[in-house]
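Chain A is the first sequence line, chain B the second, and so forth, proteins listed ahead of strands; every chain is numbered from 1.
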There are 2 protein chains.
Amino acid sequence: MTSSKPPAPRRRSEATRAAILEAARERFAADGYERATIRAIAKDAGIDPSMVMRYYGNKEGLFAAAVAIDLMLPDPASLAREDVGRALVTHFLAQWEENDVLTALLRVGATNEAGAERMQGVFREQVLPLARRFCPDPEQVPARAALVSSQLLGLALTRYVLRFPPAVELDTEEAVAWLAPTVQRYLTAPYPG
Amino acid sequence: MTSSKPPAPRRRSEATRAAILEAARERFAADGYERATIRAIAKDAGIDPSMVMRYYGNKEGLFAAAVAIDLMLPDPASLAREDVGRALVTHFLAQWEENDVLTALLRVGATNEAGAERMQGVFREQVLPLARRFCPDPEQVPARAALVSSQLLGLALTRYVLRFPPAVELDTEEAVAWLAPTVQRYLTAPYPG
DNA sequence: GTCTATAATTCGATAGAC
DNA sequence: GTCTATCGAATTATAGAC
């Protein structure tokens, strides 16, 4: 009873699950929800389509799992007030280049209700608290967070989704130099009315 | 030979064509390319699906026709340098609320290559020339135009597509007050390096 | 745990009657 | 000019063998 613990009861399931998730992220990021078929994802992962169903139930479950990992959020406490803008833009761009989850989320969110709701969740749980930390008037917090999101997501849209050539060719330092003052202003400047 | 000209040789074709286009714009704007089915569009227009094929050949042709109308562009000559930003944001928001074409274009552009290319066309033919008019250094024109697009499309994305509540609730004057200085800076200010 | 086979829909597109 | 009927392809999802 004490000695024999078989090496691992589940044969290759963990590796298979991971391969499916990685392929799913790539496909969702490249094609959006509808055109990222379970068949294509399974083919990329080198397994049978029915395995996808077995592990994730249905296509919605697969998408939810594929975009479930935590991302972003430089912790608000570590940021000095005078360069929130720069820190935020830098961190945002780095996250975006690092993996496909954000692109998948944005592309799917444009045509799929579940995707849009997940994006709203990220906004609510990550951007709102950060704005709350730096904005004086609590009543202005949601609007300011939305403005920050509009600029950050707008750059991601033109750069990674629509691929406007000048937006693609912009190097990281240029993008940060231009956007940081904008984000800084949205978060900390008085209302420009 | 001279007297009898039948009221109209083509019975109702013109009205039918228009009804199809309007329904198509609404569906593409609401659902994106894949989920906006020809069947659903035909039903909205109150005609048979085969009529859509007869008039527009195939689904791609229908989409091209639905987003073919000219939009935007406040003519560059009429704008004073010191308030390009305000004028541009105001005009952009008005166009966006006025009809479904821009939302359709954005939603489709996120998952469909033809849609993305059409958006690039709008950028190239409408935003680039405008930036060329106000930017000193010709070499910086494309980047500045891309930055302007990123902010304007980013607001449209969060407001009309992803529907972040604070972005939706922003009224026009607030949006203009916040975004105008950003756009103004992207177009006319020196590079903030 | 993995795959084969297939059911059940749904969609774009075509042919042809009226 | 409009509609009926239908084809052929592709998709999600299931049942069951190994």
Side-chain angles (χ1 to χ4, degrees), chain A residues 5-28 30-67 104 107-108 111-115, chain B residues 5-28 30-67 104 107-108 111-115:
Chain A
K5 250 219 168 118
R10 34 203 155 123
R11 257 184 288 182
R12 265 184 29 86
S13 70
E14 222 52 43
T16 300
R17 290 185 84 101
I20 292 174
L21 277 193
E22 186 184 348
R25 284 191 205 101
E26 284 177 15
R27 283 285 179 175
F28 282 130
D31 300 333
Y33 190 82
E34 330 288 338
R35 298 182 38 210
T37 66
I38 291 181
R39 288 163 142 86
I41 292 168
K43 189 172 182 182
D44 289 354
I47 47 94
D48 191 87
S50 65
M51 297 301 301
V52 177
M53 308 300 296
R54 176 175 177 84
Y55 284 135
Y56 297 101
N58 54 29
K59 192 174 177 178
E60 282 190 13
L62 173 62
F63 174 72
V67 298
R107 221 169 216 140
V108 172
T111 46
N112 181 276
E113 192 51 34
Chain B
K5 254 228 166 109
R10 34 203 154 126
R11 257 183 289 181
R12 266 184 28 88
S13 69
E14 222 53 42
T16 300
R17 290 185 85 100
I20 293 174
L21 277 193
E22 187 184 347
R25 286 193 203 100
E26 284 177 16
R27 282 284 179 176
F28 283 129
D31 300 332
Y33 190 81
E34 331 286 340
R35 297 182 40 210
T37 66
I38 291 182
R39 288 164 143 87
I41 292 169
K43 189 174 181 181
D44 289 353
I47 47 93
D48 190 88
S50 64
M51 297 301 300
V52 177
M53 308 301 294
R54 177 176 177 85
Y55 285 133
Y56 298 100
N58 54 29
K59 193 175 178 177
E60 283 190 14
L62 173 62
F63 174 72
V67 299
R107 220 165 217 144
V108 172
T111 46
N112 181 276
E113 192 52 33

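- B:Ser50 is linked by a side-chain hydrogen bond (donor to acceptor under 3.5 Å, both in side chains) to B:Asp48, counting only residues two or more places apart in sequence or in another chain.
- Partners of A:Ala24 under the side chain to side chain contact (heavy atoms under 4.5 Å, CB included) rule, at least two apart in sequence or in another chain, are A:Phe28, A:Ile41, A:Leu62, A:Ala66.
- D:dT6 atom C1' lies 14 Å from atom CE of B:Met53, rounded to whole Å.
- If you take OG1 on B:Thr16 and OH on B:Tyr55, they are separated by 5.0 Å, rounding to the nearest 0.5 Å.
- If you check every strand for non-hydrogen atoms under 4.0 Å, B:Tyr55 touches sugar and phosphate atoms only.
- Nearest-nucleotide mapping onto DNA chain D: of A:Gly57 and A:Arg35, the residue sitting toward the 5' end is A:Arg35.
- Protein atom OH of A:Tyr56 is 20 Å distant from nucleotide atom C1' of D:dT14, rounded to whole Å.
- Partners of A:Asp44 by side-chain hydrogen bond (donor to acceptor under 3.5 Å, both in side chains), not counting sequence neighbours, listed by chain and number: A:Arg27.
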Using atom names, set out every protein N or O paired with an N or O of nucleotides 3-7 of chain C below 3.5 Å, distance rounded to 0.1 Å.
from  : atom 1 : to      : atom 2 : distance (Å)
C:dC3 : OP2    : A:Asp48 : N      : 2.9
C:dC3 : N4     : A:Ser50 : OG     : 3.4

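- Atom CG of residue B:Asn112 and atom CZ of residue B:Arg107 lie 14.5 Å apart, to the nearest 0.5 angstrom.
- Counting heavy atoms from C-beta outward, A:Asn58 and A:Ile38 have side chains that stay 4.5 Å or more apart.
- Of the possible polar contacts, one joining the B:Arg35 side chain to the A:Thr111 backbone as a donor-acceptor pair under 3.5 Å is found.
- Listed by first then second residue, pairs satisfying salt bridge (charged side-chain N to carboxylate O under 4.0 Å, His left out) with a partner in residues 51-64 of chain B number zero, not counting sequence neighbours.
- At whole-Å resolution of the value, NZ in B:Lys43 and P in C:dC11 are 11 Å apart.
- One can place NZ of B:Lys59 at 12 Å from C1' of C:dA13, the figure rounded to the nearest angstrom.
- Of all nucleotides listed (C:dT2, C:dA13, D:dA13), D:dA13 comes nearest to the side chain of A:Ile38.
- Regarding A:Leu62, its CG atom lies at a distance of 10 Å from the P atom of D:dA13, rounded to whole Å.
- Residue-environment remark: CD (A:Glu34) exceeds the threshold of 12 foreign heavy atoms within 6.0 Å.
- Near DNA chain D, meaning a heavy atom under 4.0 Å from it, residues 17-25 of chain A has no residue at all.
- Atoms CZ (B:Arg27) and P (C:dC11) sit 10 Å apart, rounded to a whole Å.
- Atom CG of B:Asp31 is separated from atom C1' of C:dC11 by 15 Å (rounded to the nearest Å).
- Between A:Glu34 atom CD and D:dA10 atom P the separation is 18 Å, expressed in whole Å.
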